[in-house]
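In what follows, a structure is listed as structure tokens, so that the remarks can point back to it.
Note: hydrogens, waters and symmetry copies are ignored here, and every other heavy atom, side chains too, is used. Labels below follow one simple rule: chain letters A, B, ... track the order of the sequence lines, proteins then strands, and each chain is numbered from 1.
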Amino acid sequence: MAYPHADIEARWQAYWEKHKTFRTPDEVDPTREKFYVLDMFPYPSGDGLHVGHPEGYTATDILARYQRMKGVNVLHPMGWDSFGLPAEQHAINTGNHPKGKTYENIDTFRRQLKMLGFSYDWDREIATTDDEYVRWTQWIFLQLFKRGLAYEGEMPVNWSPDLCAVLANEEVEEQRAKGYRVERRAMRQWVLKITAYAERLLADLDDLDWPESIKEMQRNWIGRSEGAEVDFAVNGETLRVYTTRPDTLFGATYMVLAPEHPLVDRITTPEQRAEVEAYRTAAAAKSDLERAELTKEKTGVFTGGFAVNPVNGESIPVWIADYVLWGYGTGAIMAVPAHDTRDYEFAEKFGLPIIQVVEPPEGVDWRGYVDDGVAVNSGEYDGLPTEEFKQRITAWLEERGVGEAKVNYKLRDWLFSRQRFWGEPFPLLHCPKCGVVPVPEDELPVRLPEMSDYRPTPDGQPPLARAEEWVKAVCPKCGGPATRETNTMPQWAGSCWYYLRFIDPRNDRALVDPEKEKYWMPVDLYVGGAEHAVLHLLYSRFWHKVLYDCGVVSMAEPFRKLVNQGMILGEMEYTLFRDAATGEPVSYDQTTANGQYEQVRLTEAEVDKAGDGFVWKAQREIVVKARADKMSKSRGNVINPDHIVKEYGADSLRLYEMFMGPLTQVKPWSMKGVEGVFRFLNRVYRLVVVEETGELSPRLSDETPTPEQLHALHVAIQKVTEDIEQMDFNTAISAMMIFVNAAQGWERLPKKLLEPFVLILSPFAPHLAEELWHRLGHEETLAYEPWPAVNPEYLKRETIEIPIQVNGRLRGRVQLAPDSPEAEVLAAALACPEVQAHLAGKELKRKIYIPGRMVNLVVG
RNA sequence: GCCCGGGUGGUGGAAUGGCAGACACAAGGGACUUAAAAUCCCUUUCCCUUCGGGGAGUGCGGGUUCGACUCCCGCCCCGGGCACCA
């Protein structure tokens, strides 16, 4: 027998919808405290919701419901990141506009989310594919364009012939992992000048309440480095290099240019030309990734040219090698093999000289020593510590006009166009007379046309180029004929600013009303997966700063606090390996990568822990594989939230996902664990209702709760309150379980005792809580009932138990009043018989009392 | 290679200088039942025990402290991110 979760959940979801319980007022009251709690909105894929989604969504929902009960004005919205490749693929396959499939998927997602009882203000729902939303995405792009932050260039890009699309550097890995080919190709592209904001994006990270790991990832991505540019003379020309170690200039024994460097042509000697050309051709054919993959073995070719080192007039050979990147610094380096790992490898391979110029600490080999030290073999600079040397030599270079201090970033400009149909069209026209002209703001949005063929063209022309009528336009400047830009924006565009639109989703005069923006921003808590650590979060911050500079938003950073939920893995699986040929079981640690094995699933009962691993009970020398894997269709270990809700109810799913462990941690799914929280909810239900009859429990009473009951209740209130604030949801649930375990043993259950308990349960299991609240005699929703306050009086105990240690080992306990003076506690401790046995015949050297916690007696 | 996390019973986890293993799962035993399910109660880190208790124990090795899962030093293993950025 189980509590009627299906009825209860349907009833309260209907109630919330009918009463618009979670509607956030449109008008803002600046005097009211606010809390903007945001989930990373999902891409509504055709597969529907998976169990990973409700993890973060439940966490934010608990916070939202809790804050409402604290009287805070809460903004808790949901929407759809609805542009995306799967819908476009569907359109290509069927010839139908991707819109249809997209909005069907949204309907599925919305139904599934409502089924889980999240307290979103659904009146604020937005989709990035809505015309009204696209309008403002395009508007923001125009602001970037007008500020010179969007430019067009013939760029070497990552072209995927399978996707017929250009990918951002950041996306290459992801798409390759999915099996798509990616190669280099030069194409006309729109690029956003994110590098202009590199310094601010880096500096403003410091004040954010984000996980340190995410901030660190962004810092690494931006990759700021300080150093110097130095001019070397080659054949009367200047070869400029970038180095972070100008102090090692005396140790430069050769130079390396990127194969693409324009100087290569002019310095290559006739004897070396053929070899150099061959190397350059080979390098050009490789993608960035292929170049990186050949890391193991350095390659390069001598150009025949020599460069003169400005600090000592030495002539050193100039090589080309693909370990030097054309896109970073000046595309050329001075090589200091003694103190740079890459240069060292290269010099070793090609027999180039290695000169020590940094003295490492005592006992460390100078060869390949890359850290700071003291200068040697550097003329008048000998003896200088690295840091000081850097400054002196940079000043010297600047004085002579042969170099300067320079800051560099790894961050590249953001390749912003895609040769796809299903994205925001660029609000730009190409006019033969006026060049690139923005579409006037009052003509936005530029809508996508209806088409019959959504395929991209194999030559890289976007599908929009086929929409001949759509492409034709009139230039707003000269009135002459113009053509529309046929590239579209990447999926990131819509997700860059959606958190702003939630504040004022139906505004048709501005993307957000400034007064409302000022009230609601920043987002107080942003929860989502760590996979967006760099891309989405960096792009959003960039756009936000541009909007800040435009005066559209009032502060420089959008997300005050960020939390990443940990991934939910499939169930723990025990696998026995058998030799495919003989059928003999093979120990997992004996298996090899190219061996052929039959894999057999074992149950927990068939295995036993042995040392670090698990063995097969039937044959204990056989080690089995024990691990939980990522959920995936191919592994067949995907848990469908619909099934869980059907079987156990939404409250159980919510509660289980919060009870599994700390929110931020990776954790394996356990069906048994779901049943565990389900049993807990059943027990809660039975405190109030007699399950068989549906009648109120005869144990309920109008009496005043006993001190013992109040104590248990207020301990729970305190723990749940603290834990919600710290997002330690698993221990909050544990505290409620402790209360319910105690309550089961009580003969009488005063309503005044259960009511506050139902309230603290409500953020976690809102449907059941509403039902019980109602059954306890309330007409209205509990969503805005004041959060129960802890009464410290009830937390006090008449006596407390003090553990007594002798030499740090627990030997006994004493019962005392909590405010007993130290002397009394120590006397009781010494009098304790179990303790005395360990004191006998020894000298008492020290007595330590930690008030209310414990006693330690040190004897010798 | 570098940078972050993390390592605690059979399992998920709790305890952030003061009783290691809360809470839950699994397992074992019992009650109820014609029986089963459901429910409820008990046991459950390991080893020894004369059943009073004793000893060991939070990846490994050291250290600090009256006291260390917690702090410090060195190492091993697992997960994630970055990876020729000069």
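Note: CG (Leu205(A)) to P (C4(B)) measures 16 Å, nearest angstrom. In this structure, the CZ atom of Phe729(A) is 17 Å from the C1' atom of G13(B), given to the nearest Å. Per the geometry, CE belonging to Met660(A) stands 8 Å off C1' belonging to G12(B), to the nearest Å. Taking atom OH of Tyr242(A) as the reference point, atom P of C84(B) lies 17 Å away to the nearest angstrom. Note: CG (Asp728(A)) to P (A14(B)) measures 8 Å, nearest angstrom. When the C1' atom of C84(B) is taken as reference, atom CD of Glu260(A) falls 14 Å away, rounded to whole Å.
Ser225(A) comes within 4.0 angstrom of sugar-phosphate atoms only, judged by non-hydrogen atoms across all strands, and of no base. Looking at heavy-atom distances under 4.0 Å, Pro211(A) makes no contact with the nucleic acid at all.
In terms of the side-chain hydrogen bond (donor to acceptor under 3.5 Å, both in side chains) criterion, residue partners of Arg620(A) (sequence neighbours excluded) are, by chain and number, Asp608(A). With sequence neighbours left out, Ser820(A) forms a side-chain contact (heavy atoms from CB on, under 4.5 Å) with Leu816(A), Ala817(A), Glu824(A), Val825(A).
The phosphate of A86(B) (OP1 or OP2) has no side-chain N or O of Tyr323(A) nearer than 4.0 angstrom. For the pair Gln665(A) and G13(B), the criterion of a side-chain N or O lying under 4.0 Å from OP1 or OP2 is met. Phosphate contact (OP1/OP2 of C4(B), side-chain N/O of Arg219(A), threshold under 4.0 Å): absent.
If you check the side chains of Asp343(A) and Tyr323(A), you find a donor sitting under 3.5 Å from an acceptor. Side-chain contact check for Ser225(A) and Asn408(A): no donor-acceptor pair (N or O, by modelled atom type) lies under 3.5 Å.
When base pairs are accepted only as Watson-Crick or G-U wobble with both N-N or N-O distances under 3.5 Å, RNA chain B takes part in stems of 3 or more pairs at B:1-7 with B:76-82, B:10-12 with B:23-25, B:27-31 with B:39-43, B:45-48 with B:53-56, B:59-63 with B:71-75.
Rounded to the nearest Å, the gap between the C1' atom of G63(B) and that of A15(B) is 24 Å.
For G67(B), the base is anti relative to its sugar; the glycosidic angle deviates from 0 by more than 90°. In G54(B) the O4'-C1'-N dihedral to the base is more than 90° from 0, which defines an anti nucleotide.
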Donor-acceptor pairs under 3.5 Å, side chain of residues 844-858 of chain A to any protein atom, not counting sequence neighbours: which ones?
from	atom 1	to	atom 2	distance (Å)
Tyr849(A)	OH	Gly852(A)	N	3.0
Asn856(A)	OD1	Gly808(A)	N	3.0

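Mapping Thr330(A) and Val855(A) onto RNA chain B by nearest heavy atom places Val855(A) closer to the 5' end of the strand.
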(request) Between protein and nucleotides 21-29 of chain B, map the contacts as a letter string: B base, S sugar-phosphate only, - none, heavy atoms under 4.0 Å, written 5' to 3'. (result) -BBSSS---
(message) For nucleotides 53-82 of chain B, give me one character per nucleotide, 5' to 3': B if any protein heavy atom sits under 4.0 Å from the base, S if the only such contacts are to the sugar-phosphate, - if neither.
(response) -SSS---------BS-----------S-S-
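Under 3.5 Å, the side chain of Arg853(A) and the base of C19(B) form no donor-acceptor pair of N or O atoms.
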